[in-house]
Each structure stands twice: as C-alpha cells, then as structure tokens.
Amino acid sequence: MPLSIATWNINSVRLRLPLVESFLRTYAPDILCLQEIKCPEEFFPYQAFHDAGYAHVAISGQKGYHGVATISRLPIELVERRDFCAKGDCRHLSVTFEAGGLKILLHNFYVPAGGDEPDPEINWKFKHKLDFVQEMRGVIAEAGEANGSILVGDLNIAPLEHDVWSHKQLLKVVSHTPVETESFEAMRKAGGWVDLIRQAIPEPEKIYTWWSYRAADWAASDRGRRLDHVWSSANVAGKLAAIDILRDARGWDRPSDHVPVIARFDV
DNA sequence: ATGGTAGGACGCCTA
C-alpha cells in the first residue's frame, strides 16, 4: 500500500491555517508533521484538521515559540515528547502508527536555529544547537518493538555542499559551518539513519527547502538551503518511492519560509 | 559590509 508523510515548518499554524488546509486538500498526505506551530495545545485548531480528514493529532506546543504537531488520517499513538537539553522547549514528539502490516515509529523534530554567531563560547544559542545535535545521538533508527523508524523535521542544518546556494560563502554562516555539518552527519550515521532526500536526489543536484524572508526576490536570487529532512531506518528506506519538495509553496500568498517535503513509500 | 522580513507575548525576542 502507498504511504505518504509530509514535513513542513509552518511558522505559526494559526496564521497559516488556510494554507495548510489548501495543502491537505491538494496533496492529502497520510501524515503531516508540522514545526514552529507557535501555540500551546489549547489554541491548536483541532477542529479544522478534523474536518479536513485528520482526526488524529499529537502536539507538543508552547506559547509564542517553537512547537511541533503530528496530524494524521491514520490512528497514531503518542510515544514521547522529549525535552532535549532540559530547557522545557517543545521541539520533539514521537508517535507510532501501522501501515502495510508494519508498526512504524515516527519522530518529529525542530532543532534550534542557533543564532547568528557560530561560536559556542560567546553564543549560548549556538552551544544549545550543538548540544542538541549531540543529544540526538540517543535517537537511533533501530526501533525497538516497532518494525522501522522515520525521522522528519526542521533540523536547521544543511549538511552537504549542494544543500546550500554557495558552499564557500556559507562556511561561516550558522546552518552550514563545519562543526555543525560534521557533527550532524556523524550523528545521522551513528544512529543508522538514511537521508531519504539524498537517496532520491543525490548530489551534486542542488536541493533547498528554505528561502529567507529577507530576500527582495527569493525566486530570482534563489539563495536557499536544505534545512528540512526526512530520514529512516534502512528497511524503510528500501520502500521509498519518491520525494516531492514543493518549491512552489514558497511563492504562495503569505508563505512560510520553509516548503513542504513529502516522502512516498510502498509498504 | 550591512541590512534586509516575519511572527507573536505589542516590546523586543526569535528565526
């Protein structure tokens, strides 16, 4: 059976609810993982998602900042909302669901952006980001009692040379510094995770999922970065059918600065 | 070399 999972940093789920509803009508993924919902649970628009056919929702939300939500047409079971770096930030949740007779563990992450200065000695936000990536070593693809794992989200790091518009010009820019990209790739490999976007679209093809709001013309300058990711355990990677990156979504009315990424599987 | 935009807690923090 086909299975589709989308990830999208929505940058306020309440402000962009009409955009999400339109996305769900058009692309109808089985599960959508949102990041930066920017609201606590009590303000989450459950009814709108229920009416759109997504009756199953797991949330880790806080006032004003961060927050992740996993919404689903399929039944999901909340596994954990993990407090990385013990700051009380809402940046992770995991659920299980069943598809094609398999039980799959699905992680939804929002990794800290890390501020502007790429020096952990003078910038606590950058230190927090590096610590967060280190702590992610505790999240491995081996799924325990489940049959496989998927990890998606805004991981705020563009690990490969062709994940940014200019490798050379971004080497000292937070999201693409060697200390981040090396730690990130080491963590991914140690966890047994497969980078599904790059499995589908190998280097040297440029791939971006985020374009800054600060560009005068995002499409013309096209200075993007691949900050959003879809990983899985090796057995699930073998079932990947396609990856769709909805670049057009960056040009929608009042867009997020991130676009949806959809992974399609045959399970 | 700098500043540019967006969102939420409407003043300033985060991205």
How is R225(A) classified with respect to the nucleic acid when contacts are heavy atoms under 4.0 Å: base, sugar-phosphate, or nothing?
nothing
At under 4.0 Å between heavy atoms, what does F43(A) touch on the DNA or RNA strands: base, sugar-phosphate, or nothing?
nothing
Could you state the [atom1]-[atom2] distance from [X] to [N], rounded to the nearest angstrom?
X	N	atom1	atom2	value
H128(A)	dT14(B)	NE2	C1'	13 Å
K129(A)	dT14(B)	NZ	C1'	13 Å
D228(A)	dA15(B)	CG	C1'	13 Å
Q62(A)	dT14(B)	CD	P	12 Å
I10(A)	dA15(B)	CD1	P	18 Å
R223(A)	dG3(B)	CZ	P	16 Å
E117(A)	dA15(B)	CD	C1'	16 Å
H66(A)	dT14(B)	NE2	P	8 Å

5' priority, DNA chain B, between R14(A) and N156(A) [closest heavy atom]:
R14(A)
Taking the nucleotide of DNA chain B with the nearest heavy atom to each, does N9(A) or V13(A) sit closer to the 5' end?
V13(A)
Give the cluster check for W218(A) versus W252(A): same hydrophobic cluster or not, with ILVMFWY residues linked at side-chain heavy-atom distances below 4.5 Å.
no
Spacing of the [atom1] atoms in [M] and [N] (rounded, Å):
N	M	atom1	value
dA15(B)	dG4(B)	C1'	14 Å
dA6(B)	dT2(B)	P	23 Å
dG11(B)	dG7(B)	C1'	13 Å

Excluding sequence neighbours, so at least two apart, what forms side-chain hydrogen bond (donor to acceptor under 3.5 Å, both in side chains) with [X]?
X	result
H162(A)	E203(A)
Q62(A)	none
S233(A)	N235(A)
R214(A)	none

Check the phosphate of dG8(B) against K63(A), side-chain N and O only, distance under 4.0 Å to OP1 or OP2. Yes or no?
no
Test question: given the 4.5 Å side-chain rule for I, L, V, M, F, W and Y, name all other residues clustered with L130(A), or answer none.
F126(A), V174(A), V179(A)
What's touching nucleotides 5-7 of chain B from the protein side, N or O pairs under 3.5 Å?
from	atom 1	to	atom 2	distance (Å)
dT5(B)	O4'	Y213(A)	O	3.1
dT5(B)	N3	R214(A)	NE	3.4
dG7(B)	OP1	R16(A)	NH1	2.9
dG7(B)	OP1	R16(A)	NH2	3.1
dG7(B)	OP2	R254(A)	NH2	2.7

Please determine whether a side-chain nitrogen of the Lys or Arg among R226(A) and D195(A) lies less than 4.0 Å from a carboxylate oxygen of the Asp or Glu.
yes
